[in-house]
There are 2 protein chains.
Amino acid sequence: MATQKLDPKKLEEAASKLRAIAHPMRIAIIGLLERKNQMNVTEIYETLKIEQASASHHLNILKTKGVLDSRRAGKNTFYFLKPHALEQIIDCINRCH
Amino acid sequence: MATQKLDPKKLEEAASKLRAIAHPMRIAIIGLLERKNQMNVTEIYETLKIEQASASHHLNILKTKGVLDSRRAGKNTFYFLKPHALEQIIDCINRCH
DNA sequence: CAAATATATAAATATATTTTGAAATATCCT
DNA sequence: AGGATATTTCAAAATATATTTATATATTTG
(Lines give C-alpha, C1' and ligand atoms only; values in the text may rest on other atoms or scores of the structure.)
Protein backbone atom coordinates (compact mmCIF):
# COMPACT_ATOMS: atom_id res chain seq x y z
CA MET A 1 0.00 0.00 0.00
CA ALA A 2 2.77 2.37 0.81
CA THR A 3 4.09 4.55 -1.94
CA GLN A 4 7.72 3.96 -2.76
CA LYS A 5 9.40 7.19 -1.82
CA LEU A 6 9.09 9.86 0.77
CA ASP A 7 7.36 12.84 -0.77
CA PRO A 8 8.69 15.95 0.97
CA LYS A 9 5.64 17.98 0.17
CA LYS A 10 3.17 15.47 1.54
CA LEU A 11 5.41 14.90 4.51
CA GLU A 12 5.44 18.58 5.23
CA GLU A 13 1.68 18.72 4.99
CA ALA A 14 1.14 15.82 7.32
CA ALA A 15 3.69 17.14 9.79
CA SER A 16 2.11 20.55 9.83
CA LYS A 17 -1.32 19.05 10.23
CA LEU A 18 -0.42 16.92 13.21
CA ARG A 19 1.64 19.68 14.73
CA ALA A 20 -1.30 22.03 14.41
CA ILE A 21 -3.62 19.61 16.12
CA ALA A 22 -1.16 18.76 18.85
CA HIS A 23 -1.84 21.87 20.90
CA PRO A 24 -3.50 21.76 24.30
CA MET A 25 -6.17 24.29 23.56
CA ARG A 26 -6.99 22.77 20.22
CA ILE A 27 -7.17 19.32 21.72
CA ALA A 28 -9.54 20.78 24.28
CA ILE A 29 -11.70 22.21 21.53
CA ILE A 30 -11.81 18.86 19.76
CA GLY A 31 -12.71 17.26 23.09
CA LEU A 32 -15.64 19.61 23.52
CA LEU A 33 -16.91 18.93 20.04
CA GLU A 34 -16.65 15.20 20.48
CA ARG A 35 -19.34 15.52 23.12
CA LYS A 36 -21.51 18.37 22.02
CA ASN A 37 -21.76 17.93 18.24
CA GLN A 38 -21.60 21.63 17.58
CA MET A 39 -20.94 24.88 19.41
CA ASN A 40 -20.68 28.51 18.50
CA VAL A 41 -17.63 30.62 19.20
CA THR A 42 -19.05 32.23 22.31
CA GLU A 43 -19.88 28.91 23.91
CA ILE A 44 -16.42 27.68 23.15
CA TYR A 45 -14.44 30.59 24.49
CA GLU A 46 -16.57 30.90 27.60
CA THR A 47 -16.31 27.21 28.33
CA LEU A 48 -12.57 27.23 27.86
CA LYS A 49 -12.06 30.62 29.52
CA ILE A 50 -9.97 32.10 26.74
CA GLU A 51 -10.16 35.26 24.69
CA GLN A 52 -12.67 35.32 21.91
CA ALA A 53 -10.03 36.17 19.35
CA SER A 54 -7.87 33.34 20.56
CA ALA A 55 -10.72 30.87 20.19
CA SER A 56 -11.46 32.13 16.73
CA HIS A 57 -7.84 31.74 15.81
CA HIS A 58 -7.62 28.15 17.01
CA LEU A 59 -10.89 27.31 15.35
CA ASN A 60 -9.64 28.66 12.10
CA ILE A 61 -6.48 26.59 12.31
CA LEU A 62 -8.47 23.45 12.96
CA LYS A 63 -10.76 24.28 10.10
CA THR A 64 -7.88 24.96 7.75
CA LYS A 65 -6.33 21.64 8.65
CA GLY A 66 -9.58 19.89 7.84
CA VAL A 67 -10.54 18.79 11.31
CA LEU A 68 -13.47 21.10 11.79
CA ASP A 69 -16.04 22.66 9.60
CA SER A 70 -18.37 25.55 10.35
CA ARG A 71 -21.82 26.70 9.46
CA ARG A 72 -23.18 30.14 9.93
CA ALA A 73 -26.61 30.50 11.46
CA GLY A 74 -27.57 34.11 11.84
CA LYS A 75 -25.22 35.86 14.20
CA ASN A 76 -23.60 32.64 15.24
CA THR A 77 -21.05 30.46 13.61
CA PHE A 78 -21.29 26.89 14.69
CA TYR A 79 -18.26 24.69 14.57
CA PHE A 80 -18.34 20.92 14.42
CA LEU A 81 -16.08 17.98 13.79
CA LYS A 82 -15.81 17.07 10.17
CA PRO A 83 -17.03 13.52 9.73
CA HIS A 84 -14.22 10.92 9.66
CA ALA A 85 -11.51 13.52 10.00
CA LEU A 86 -10.72 12.46 13.51
CA GLU A 87 -10.74 8.78 12.61
CA GLN A 88 -8.27 9.41 9.84
CA ILE A 89 -5.98 11.27 12.12
CA ILE A 90 -6.16 8.59 14.74
CA ASP A 91 -5.41 5.97 12.10
CA CYS A 92 -2.48 8.02 11.00
CA ILE A 93 -1.14 8.37 14.51
CA ASN A 94 -1.47 4.69 15.20
CA ARG A 95 0.58 3.94 12.14
CA CYS A 96 3.29 6.31 13.17
CA HIS A 97 4.95 4.19 15.80
CA MET B 1 -9.66 0.03 13.25
CA ALA B 2 -9.24 3.47 14.69
CA THR B 3 -9.16 3.84 18.42
CA GLN B 4 -12.06 5.83 19.78
CA LYS B 5 -10.43 8.91 21.19
CA LEU B 6 -7.59 11.18 20.38
CA ASP B 7 -4.73 10.36 22.68
CA PRO B 8 -2.79 13.59 23.29
CA LYS B 9 0.39 11.80 24.12
CA LYS B 10 0.43 9.64 21.02
CA LEU B 11 -0.58 12.62 18.96
CA GLU B 12 2.32 14.61 20.32
CA GLU B 13 4.69 11.76 19.55
CA ALA B 14 3.49 11.37 16.00
CA ALA B 15 3.55 15.10 15.41
CA SER B 16 7.06 15.43 16.75
CA LYS B 17 8.19 12.47 14.70
CA LEU B 18 6.88 13.80 11.42
CA ARG B 19 8.06 17.29 12.22
CA ALA B 20 11.52 15.97 12.93
CA ILE B 21 11.67 14.10 9.66
CA ALA B 22 10.32 17.00 7.65
CA HIS B 23 13.63 18.83 7.50
CA PRO B 24 15.57 19.30 4.28
CA MET B 25 18.86 17.98 5.56
CA ARG B 26 17.25 15.01 7.23
CA ILE B 27 15.28 14.20 4.13
CA ALA B 28 18.55 14.35 2.25
CA ILE B 29 20.12 11.91 4.68
CA ILE B 30 17.21 9.52 4.27
CA GLY B 31 17.56 9.90 0.51
CA LEU B 32 21.21 8.91 0.67
CA LEU B 33 20.47 5.89 2.78
CA GLU B 34 17.70 4.75 0.48
CA ARG B 35 20.33 4.24 -2.15
CA LYS B 36 23.42 3.22 -0.29
CA ASN B 37 22.14 0.92 2.46
CA GLN B 38 24.58 2.23 4.97
CA MET B 39 27.10 5.00 5.40
CA ASN B 40 29.37 6.22 8.12
CA VAL B 41 29.24 9.71 9.51
CA THR B 42 32.19 10.97 7.53
CA GLU B 43 30.74 9.80 4.23
CA ILE B 44 27.49 11.48 5.08
CA TYR B 45 28.80 14.87 6.09
CA GLU B 46 31.25 15.02 3.22
CA THR B 47 28.60 14.06 0.70
CA LEU B 48 26.19 16.64 2.03
CA LYS B 49 28.86 19.25 2.67
CA ILE B 50 27.87 19.98 6.22
CA GLU B 51 29.71 20.12 9.52
CA GLN B 52 30.47 16.85 11.24
CA ALA B 53 28.68 17.97 14.37
CA SER B 54 25.68 18.95 12.38
CA ALA B 55 25.49 15.59 10.67
CA SER B 56 25.87 13.80 13.95
CA HIS B 57 23.08 15.88 15.36
CA HIS B 58 20.69 15.14 12.54
CA LEU B 59 21.58 11.47 12.59
CA ASN B 60 20.84 11.33 16.26
CA ILE B 61 17.46 12.91 15.77
CA LEU B 62 16.55 10.44 13.05
CA LYS B 63 17.72 7.59 15.22
CA THR B 64 15.78 8.83 18.22
CA LYS B 65 12.65 9.08 16.10
CA GLY B 66 13.10 5.50 14.99
CA VAL B 67 13.90 6.11 11.35
CA LEU B 68 17.53 5.12 11.46
CA ASP B 69 19.61 2.73 13.41
CA SER B 70 23.35 2.55 13.77
CA ARG B 71 26.05 0.00 14.19
CA ARG B 72 29.56 0.65 15.32
CA ALA B 73 32.39 -0.95 13.41
CA GLY B 74 35.73 0.05 14.84
CA LYS B 75 36.26 3.74 14.48
CA ASN B 76 33.20 4.12 12.31
CA THR B 77 29.56 4.28 13.09
CA PHE B 78 27.40 3.16 10.23
CA TYR B 79 23.91 4.47 9.94
CA PHE B 80 21.15 2.76 8.02
CA LEU B 81 17.40 2.90 7.52
CA LYS B 82 15.51 0.86 10.02
CA PRO B 83 13.54 -1.79 8.18
CA HIS B 84 9.92 -0.80 7.54
CA ALA B 85 10.26 2.49 9.36
CA LEU B 86 9.99 4.45 6.15
CA GLU B 87 7.04 2.41 4.90
CA GLN B 88 5.18 3.09 8.12
CA ILE B 89 5.82 6.78 7.88
CA ILE B 90 4.67 6.87 4.28
CA ASP B 91 1.53 4.94 5.24
CA CYS B 92 0.94 7.40 7.99
CA ILE B 93 1.38 10.38 5.71
CA ASN B 94 -0.96 8.95 3.11
CA ARG B 95 -3.62 8.56 5.71
CA CYS B 96 -3.24 12.09 6.91
CA HIS B 97 -5.10 13.84 4.13
C1' DC C 1 51.00 4.61 26.02
C1' DA C 2 50.76 8.43 22.64
C1' DA C 3 49.01 10.00 18.31
C1' DA C 4 45.57 9.97 14.89
C1' DT C 5 40.95 9.42 13.41
C1' DA C 6 35.98 9.18 14.03
C1' DT C 7 31.99 10.35 16.42
C1' DA C 8 29.25 12.44 20.13
C1' DT C 9 27.92 15.91 23.29
C1' DA C 10 27.42 20.54 25.25
C1' DA C 11 27.07 25.38 25.43
C1' DA C 12 26.18 29.53 23.15
C1' DT C 13 24.04 31.88 19.79
C1' DA C 14 21.07 32.72 15.94
C1' DT C 15 16.77 31.98 13.56
C1' DA C 16 12.14 30.66 12.88
C1' DT C 17 7.61 29.56 14.36
C1' DT C 18 3.70 29.99 17.52
C1' DT C 19 0.93 32.10 20.71
C1' DT C 20 -1.31 35.83 22.68
C1' DG C 21 -3.76 40.11 23.35
C1' DA C 22 -5.56 44.34 21.71
C1' DA C 23 -7.75 46.85 18.40
C1' DA C 24 -9.95 47.37 14.07
C1' DT C 25 -13.16 45.53 10.93
C1' DA C 26 -16.85 42.84 9.19
C1' DT C 27 -21.38 40.39 9.37
C1' DC C 28 -25.83 39.51 10.56
C1' DC C 29 -30.17 40.15 13.10
C1' DT C 30 -34.08 42.91 14.92
C1' DA D 1 -29.29 52.21 12.84
C1' DG D 2 -27.54 49.69 16.83
C1' DG D 3 -26.15 45.64 19.28
C1' DA D 4 -24.28 41.11 19.28
C1' DT D 5 -21.12 37.91 17.28
C1' DA D 6 -17.17 36.69 14.71
C1' DT D 7 -12.90 37.45 11.97
C1' DT D 8 -8.68 39.66 10.78
C1' DT D 9 -4.57 42.01 11.55
C1' DC D 10 -0.49 43.35 13.84
C1' DA D 11 3.12 43.33 17.02
C1' DA D 12 5.10 41.66 21.33
C1' DA D 13 6.28 37.62 24.01
C1' DA D 14 7.18 32.93 24.41
C1' DT D 15 8.85 28.53 22.37
C1' DA D 16 11.03 25.68 19.53
C1' DT D 17 14.75 24.60 16.23
C1' DA D 18 19.12 25.17 13.95
C1' DT D 19 23.84 26.20 13.60
C1' DT D 20 28.30 26.81 15.17
C1' DT D 21 32.21 26.26 18.04
C1' DA D 22 34.50 23.95 21.35
C1' DT D 23 35.25 20.01 23.93
C1' DA D 24 34.81 15.16 25.21
C1' DT D 25 34.80 10.26 24.28
C1' DA D 26 35.98 6.12 21.85
C1' DT D 27 38.79 3.21 18.89
C1' DT D 28 42.60 1.89 16.28
C1' DT D 29 47.45 1.99 15.11
C1' DG D 30 52.35 2.63 15.79
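Chain A is the first sequence line, chain B the second, and so forth, proteins listed ahead of strands; every chain is numbered from 1. Just so it is clear, the model here is predicted, and its values are computed rather than measured.
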(message) Nearest whole Å is fine: how far is D:dA6 P from A:E46 CD?
(response) 10 Å
(message) Looking only at the side chain of A:I61 (C-beta and beyond, no hydrogens), which of the listed nucleotides C:dC28, C:dT9, C:dT19 gets closest?
(response) C:dT19
(message) What is the separation between atom CZ on A:R71 and atom P on D:dA6, rounded to the nearest whole Å?
(response) 12 Å
(request) Taking only Lys NZ, Arg NE, NH1 and NH2, and the carboxylate oxygens of Asp or Glu, determine whether A:E12 and A:R19 approach each other closer than 4.0 Å. (result) yes
(message) Without decimals, in angstroms, what is the distance between A:M25 CE and C:dT19 C1'?
(response) 11 Å
(request) Assign each of B:R19 and A:S70 to its nearest nucleotide of DNA chain D by heavy atoms, then name whichever residue's nucleotide is nearer the 5' end. (result) A:S70
(request) Provide, to the nearest angstrom, the distance between the CZ atom belonging to B:R72 and the P atom belonging to C:dT5. (result) 16 Å
(request) Take atom CG of A:L59 and atom P of C:dT19, then tell me their distance rounded to the nearest Å. (result) 14 Å
(request) Please state whether the phosphate of D:dT19, meaning OP1 or OP2, lies under 4.0 angstrom from any side-chain nitrogen or oxygen of B:H58. (result) yes
(request) Ignoring backbone atoms, establish whether B:H57 has a side-chain N or O less than 4.0 Å from OP1 or OP2 of D:dA18. (result) no
(message) Could you check whether the side chain of B:Q52 and the base of C:dA6 have a donor-acceptor pair of N or O atoms closer than 3.5 Å, going by distance alone?
(response) no
(message) I'd like to know if the side chain of B:R26 reaches the main chain of B:L62, judged simply by a donor and an acceptor atom lying under 3.5 Å from each other, with no hydrogens or angles considered.
(response) no
(message) Counting only side-chain nitrogens and oxygens, does B:T42 get under 4.0 Å of the OP1 or OP2 atom of C:dT7?
(response) yes
(request) Check whether any side-chain N or O of B:N76 sits under 4.0 Å from OP1 or OP2 of C:dT5, and answer yes or no. (result) no
(request) Figure out the CD/C1' separation between A:E12 and C:dT17, and round it to whole Å. (result) 12 Å
(request) Report the residue (A:A53 or A:K75) whose heavy-atom-nearest nucleotide on DNA chain D is the more 5′ of the two. (result) A:K75
(message) Can you tell me which nucleotide in C:dT7, C:dT20, C:dT27 comes closest to the side chain of B:V41?
(response) C:dT7
(message) Just N and O in the side chain of B:Y79: are any of them under 4.0 Å from OP1 or OP2 of C:dA8?
(response) yes
(request) Taking all heavy atoms of A:E51 and all of A:Y45, pick out the closest pair and write down the distance. (result) O-CB, 4.0 Å
(message) Under 4.0 Å, heavy atoms only, any strand: does B:S56 hit a base, just the sugar-phosphate, or nothing?
(response) base
(message) Between A:R26 and C:dT19, is there a contact of a side-chain N or O with OP1 or OP2 at under 4.0 Å?
(response) yes
(message) Using side-chain heavy atoms (C-beta onward) and a distance below 4.5 Å, is A:F80 in contact with A:D69?
(response) yes
(message) Quick check for you: to the nearest 0.5 Å, what is the distance between A:Q38 atom CD and A:I44 atom CD1?
(response) 10.0 Å
